[in-house]
Amino acid sequence: GLSGKNSNESVASASSQKILRIAAAFDFKSAMEGKTLVYENLVKSDMAGNFSGWLAEKYDVSDDGLTYTFHLKKGVKFHDGSEFNAETAKISLEYAQNNDANLKKSVNSIEVIDESTLKVVLGTYLASFLNTLSSTSAPMICAADLEPAGDPKGKLSGYIGTGAFYFDEATYEKGVKAELTRFDDYWGGASKLDGVEWLYVADPTAMVVALESDEVDMIGIAEHHSSIPYVQIAELKSKGYTVETDETGRYQVIEYNCSKAPFDDVNVRMALNLAVDRELMVKTLFEDMTKASKVITAPWFVLGPDKVDENYYKFDQNRAKKMLDDAGWIDSDGDGIRDKNGEKLELKLVVPQGEANADTVSVYLQSELQKIGAKIDVLTLESSAASDMKKAGDYNMYIHHSGNMPSIPGGIGIGDKYYSTNKDWAYSFHSAELDGMIDAAFTEPNTDSRNNKIDTLWTYLHAQAPCMPLYSVLKLVACNPRVTGYKVGSNMFDMSNVRLLDMDMSK
Amino acid sequence: MEKMIFRRLFLGIFIMIIASLLSFVLLYLAPGNPAENILRQRTGEDPSYEEIELFLQQKDLDVPLLTQTSEWLYMALRFDFGESINTSEPVMDEFITRFKATLQLTLITLAFSIPLAFFIGVRSAANNGGTFDHVSRFFTLLAMSIPEFWLGLMLMIVFSKTLNWLPSFGYGSYLNLIMPVATLVVGYTATLSRVIRSSMLENLSQDFITTAKGNGLSQHVILIKYALRNSLGPIVTAIGSQFGHLLAGVVVVETVFSWPGIGKFLIDAVYLRDFPVIQGFVLLIAMMFVVINLITDILYTYIDPRIRYERR
Amino acid sequence: MEMVLMRLIESHDLKVHFDSPAGLVKAVDGVNFHIDEGEKLVFIGETGSGKTVLGMTIMKLLPTNVFYSGQLMYKDKELINATEKEMQEIRGKNIAIIMQNPLSSLNPCLSIKEHLVQVIVKHEHLNKKEAQAEAERILIRTGIPENLLNYYTHQLSGGLRQRAMIALGIACDSEILIADEPTKGLDVTVQMQIVNLIKQITDETRKAMLIITHDLGVAAALGDRIAIMYCGRILEIGTVEEIFGSPEHPYTIGLINAHPSRGLHPIKGFGASLIDIPEGCVFSPRCQHANELCKKAEPPDMVLSETHKVRCYYASSK
Amino acid sequence: MLQVNDLSKVYKGGFFSKDKLTAVESVSFQIKKGDCFGIIGESGSGKTTIGKIVAGLLKPTSGELYIDGKNILKNSEMKTSNFRRRVQMIFQEPDGVMDPRWKIERSMMEPLDIHFSLNRNQKIEKVNYWLETVGLTPEHLERYPFELSGGQLQRLAFARALSMEPDLIIADEPTSSLDVSVQAQILTLMKKIQKRYELTILFITHDLYVARQMCSEIAVMQNGRFVETGSAEGVFDHPQEKYTQMLIDSQLPLDFSVRKKLEYTGECYDGKFCRNYCK
Amino acid sequence: MKKNGIIQNSNLLMKVSIIIITIMVFGVIFAPRICNFDPYTVDLTKRLLPPGTDGHIFGTDGFGRDLFARIIYGGRVSIGLSVCVVMVNAVLGLIIGSFAAYTGGVIDEIVMRIVDVLMSFPSIILTLFIIGVLGPSISNLFFALIVLGWIGYARMARSLVLSLKEQSFITAARGIGCNDARIIFLHVIPNVMPMIITFAALHIGSTILVISSLSFLGLGVQPPTAEWGATLSEAKQYLSLYPHMIIFPGIAIALSMFSFNMLGDGLRDFADPHLKKTIKT
Ligand SMILES: Nc1ncnc2c1ncn2[C@@H]1O[C@H](COP(=O)(O)OP(=O)(O)OP(=O)(O)O)[C@@H](O)[C@H]1O
Ligand SMILES: Nc1ncnc2c1ncn2[C@@H]1O[C@H](COP(=O)(O)OP(=O)(O)OP(=O)(O)O)[C@@H](O)[C@H]1O
Ligand SMILES: [Mg+2]
Ligand SMILES: [Mg+2]
């Protein structure tokens, strides 16, 4: 159980004051995440990629998908007391437009219809439009907070939003902590917490220690990926901590360089996809915390591959070996590594530094692929160096994770990756056929027929085995038993139901 | 003397400029750009081409690096190091905040290390070959052999997790200082006490020690006024260089204990390719080194009259 | 030869050996001598004959690998077994020493005045101010110009350093002053001044001195009595007149003849090793007159007069 | 054989400093073949500086240096005239002249390797010959410098210099750190060798007795200048200069019977001061 | 006083450290013969075994690899790499420093200014920088440790040579006709070697530490290469449940550093010129 006495003053203040202390690997101001506590957006999306209104009570889309009308909530106040209305929403969108390439490109006009109605007209169809609006790129900001005031080209100075907590510059200590206080005039009703304390803890091990020594209430919430080692979760649970996990639909995958041997051959790609026992990996190395990925991206996404056979890449090393044999890769000199035309099956796996679990995965891959006669050379590089290598096509395999809105071209993630105009993934799988399919699917405003088109697209893509899906990246949040009502969701920082119980931790 | 200081300061400016130009060259040769790294850190996704370009444009980074640097240098000469690309804060502000934290850690570490090291070093030199010397030799060598990161983690496990006595992270209260300081003190005391011991021993075998004994001076006076006094030169140099290295950042300790110091911040900046921060920090750190070296040299001349007069 | 003179130092069969990796170094091997009040005894001998070791033995300043035997008395006090504490009292106060190399023997971080102040404060129970005045007085007396008193050793010429050493030696008004090669490495002119200074000071204070040198000229100028050392032994000891007027030991004669003012007549061979001491008379391997007896058994001290002793079988036959 | 014209040497301070020190000031002399020319003078008068310049170890600020009529200060001459072999210098401190980490044998062989092309046996033979000449045995070759006494080392230095068959030897106070008996050995040896091989010697010393024993001609040096030059007898017996006289007076005689009434001349403490006082 | 004591004692300490180092070096060289298991074979059925089970002396790690084998093989990298790094640094620094000091003048000034600049460049930053940019691999690690590593040796060699230059045997060597190259390589360098070697022995220890610290920060060798710091870093997450994983590599690092430090310390006393006087008779 939880041991130790609680002489810490922070504990005392927490129990009387009800301040939720969360550990974060980044300083409050440099992390995007922290801003979600302060700012809100017009719309939000759930995990599967369905959008709904937020500060816009509801919205309408025209049939051609080019005109969006937002009906704004009334009675929403900014932290400085000013009203949120169509005018400020317009400025906010203009500000976002200045900071987001896609919005800048596609948005033609933003009009204030009345106090609470806003119309946005796009010049070209932008499938990711709502997605962008729901992301941190398009927060609703207060006009007065811009410098010079009201100028969307200006600099955002304070942190004045409409969220449940407000940021007070005076409490902020660079690289140490930031305190967010309850906003009493919050439109959704004041939070049950008195505040949130954002504490900088650099090291993942230290974070777990901090939780166990009751210096923070919650860890793992503030990072893009979980920083809590999976092996520690069981232990934390056994000690009585709540561990909230959820799949966000991010899959870690190995991307193949399909423009050069050996991965220009679909058989080789397929063989590798069959050769790795992902179930075993997840069960052992990841303590069964997460799920092995069976298809390229999460099937439960709105636009996900829900019609693709689950067993498409089922682990079968014999089949894998046979496919390699058929592809002409045989071990002719008996050194355990296959070769073809004098070239050995040695593959360069590029790992961008900081990619979660990459060390574990690459060691496992090495040992699995060795069994079918392929040798992996791991090269861990600082992420921008790795990215440069990727752009130059200087790799065979590249480990990375998909974004959580995977199926939207022009946005982020996988749908875009295989589109031939993409400069970032110039060496991924591309074909004219696929381009045509993507074009057809994403210019289709009609939802049903779009889904059909997308299903054929997924079937085609899986047959091509453009990448090796590994496992579903988990979002992990561990908290004190004192914290109740927290759920991992699309908005990690939704604190509306969170309470801090009065509880003596030194039981 | 003034001439020496003047000359050294002149050289110092030269060194600072070269050091920051060197960092520029290294960055220039390095792959990656700030936009990509910073955007990736913010969103956790690989940014697209368009996003990167927009970011570069916004931050005025779409001009050639050479122009950027010459502009930077021009501004730097007026002590304006620009803004961090990542945080949009003035580099000088960032530096001062981090420097305060680092300086605090450094000074307190040295405040413990130096007296302790003097105690151990002088006693073991005086007791050369005796029990104290053996025991202290064993422990100082052992202390030098413990990796900082390992010690730090162990302290944290014991004092934060198991005993729940000390905070495992944070900055501000004296409680926060205990473990990082302890981690650093172990290694620094050991190293310094070895320096003190060996330079004491060197002097203790000199003829003037025999003279002092021949004059019937007491052990205490001989040890302090004769041996230690003459050993101070190398000791001050050692302290100076340790001070410099501590100031330049103890990345490991800063990482383990989430200490908001220069080192970790600079490393992060390197990863983000936050050019103004890197160049500014390198220049300021180089300046610290120059100043510290100058101070040790000046102290040295006060300690050692031989140098004082040779410099005339 | 007044009998009232007090005997300050007296040694009987004094042996000082060192343990070293190469073997036992018999640096002083059976030495008998004495120094009376106000007397100046000079030890002459070539390099490595044990002169410095002898001087340091009296001060008990030798490294820990040393073994003493025999007897060494300071007045009524046995020095061989004296503790470090007791020696600290005697050093500087009763017996003072002027060390061999003034540059390395002075603390480079103290000015010459500070050196003296340290010693005076320790022994004279004066306060800082008085001690400083006293230090100045002594330094000026040894001929160091007033404006140089706060200088450090490396700023001074060899002669001045030697003067500072002498000042340090006389600072505590000890009864005995040991001077180890006080003129080594000095110019003729400076050497002359130093010899003058020592002479003047001893004449004034009637201080007893033990002077170590290998310069016969210095010995002739300063000594009342002279002891010729070779291979850890005293081969001949006598008054200046006896040693220079009627030297008896072949080594003494050889030394005098080797002096450039007497023409260059070298003694053949090299000094003996202190580890493998030659059998019989230690000088026999180099001695023209040596015969079988000399090579077998070490000769005893032949007493030629009350003051003149020589360790040679054929002392008076030549 | 050796002719020195108007030699001067100014030492500059550090890299940046402007301090200057004139160690030697327009000194001229010449030495005939087979002669021993002595330079005497007190410490710091510039004796070693002259020696080093003549040995080619130091560049003079100005002046000319002729050996057998050739100006060897010209670089080309320095190389072609076998200068390094023909002119050898013996140093004041025998202790540091041999590489402390080399066995004597290696140090002795080194110049032979450089200047002669001999096989190993020839080299050994040659080294042994010179060892014998200076009164040492081949057994000494197996030792390290620290295992030998100062006298032995000085002999080795001589043997090494002689093995190169030089024409001119510069002996810079070769015996000042040795004691009298060894000094006598070394100096008689020098004399013997000088006669046998018709060596020319530039002998630097501050010991007037030694100078008188060794040299046929003497120069008295003070403050970087030659104040008096002449034959040994002339200079010692009828000194022309007050300074020379003072040097002679400062000698401590061996004779106890004429044990000089020593005079206390306390003011004379510093080289500089002394010079003024003596003029 | 008591000088002899040091010599004897340091000999004892040195003996101990030399024995430990010899054992380690042998272990590293004959690793395949000593280990029953391959350090790279992943066996997920044998994960996280405690020490002593199934013939795994130190137990197994998260991939079921034998920890003992990983530590022995890890020594190849940790010790091997540090020794190489130190050797290259020492030679480089020695040559540069000796050359600068011996030639003096402008060349010396230039070299010393370069050293000054590099000195004022925070070393850890540069190391991290190089590795971050080039990617962590043994060769890049090597390169990064060389870039700044030679400076210490160069400074040391320089000051030693400066004082050596004043000694008469160097002048004498010129006098007998040695050219500069001969003097530097035959006389100067061999004479500064002992101090450099002493320094190097101490440096090996700290290099082992730097390499493991870098691995710990994720900038060391590439997986699956066995290296002590990397092994420690992998073990970090198992800290409280499987402490054996952090204890054994920790001991390996501390023990090797300890013995190299002890060796260096012993050598330093040994090379101390003042102490040598007493040995000589
Ligand atoms: N601590 C020691 N251990 C071993 N041998 C020693 C020690 N101290 C002195 N010796 C040896 O004792 C011998 C006598 O040395 P000492 O210094 O007394 O000679 P000296 O007559 O004073 O010679 P010099 O004229 O050179 O000063 C020398 O051979 C020296 O090496
Ligand atoms: N390298 C140098 N740099 C600057 N000054 C020097 C240098 N070498 C010698 N001097 C100075 O030049 C002057 C003459 O020196 P030199 O060594 O020739 O004198 P010396 O007559 O040989 O003295 P000694 O008898 O002490 O050997 C001295 O004042 C000395 O300090
Ligand atoms: Mg002596
Ligand atoms: Mg000289």
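Bear in mind that the values here come from a model prediction, so they are computed numbers and not experimental data. All values below were derived from every heavy atom in this structure, side-chain atoms included, with hydrogens, water molecules and symmetry-related copies excluded. Reminder, nothing fancy here: chain letters follow the sequence lines and each chain counts from 1.
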Please test C/Val188 against D/Glu42 for side-chain contact (heavy atoms from CB on, under 4.5 Å), starting from the C-alpha separation and ending with a verdict. CA-CA 7 Å; C/Val188 269; D/Glu42 61 188 344; 5.9 Å; no

Could you tell me which portion of C/Lys184 (side chain, backbone, both or neither) has an atom closer than 4.5 angstrom to a non-hydrogen atom of chain D? neither

Considering only heavy atoms, which portion of C/Leu186 lies under 4.5 Å from any heavy atom of chain D: side chain, backbone, both, or neither? backbone

Smallest separation among heavy atoms of C/Gly269 and D/Gln185, with atom names: O-NE2, 2.6 Å

Below 4.5 Å, heavy-atom pairs only: which of D/Gln152, D/Arg212, D/Met214, D/Gln183 has the largest tally toward chain C? D/Gln152

Side chain, backbone, both or neither of D/Leu136 within contact of chain C (heavy atoms, under 4.5 Å): side chain

Using distance alone, with no hydrogens and no angle criterion, decide if D/Ser43 and C/Asp187 have a side-chain donor and acceptor under 3.5 Å apart. no

Is it the case that atom NZ in D/Lys52 sees more than 12 heavy atoms from other parts of the structure closer than 6.0 Å? no

To the closest 0.5 Å, what do you measure between CZ (C/Arg286) and OG (D/Ser181)? 5.5 Å

If you round to the nearest 0.5 Å, how far is CD of C/Gln191 from CG of D/Asp207? 8.5 Å

Verify the neighbour count for atom CD of D/Glu132: are there more than 12 heavy atoms of other residues, nucleotides or ligands below 6.0 Å? no

Residue pair D/Thr188 / C/Leu264: nearest heavy atoms and the distance that separates them: CG2-O, 3.4 Å

Rounded to the nearest 0.5 Å, what's the gap from CG on D/Asp179 to OG1 on C/Thr47? Could you check? 3.5 Å

Do other residues, nucleotides or ligands put more than 12 heavy atoms under 6.0 Å from D/Glu139 CD? yes

Can you confirm whether C/Gln288 is buried at CD, in the sense that more than 12 heavy atoms of other residues, nucleotides or ligands lie under 6.0 Å from that atom? no

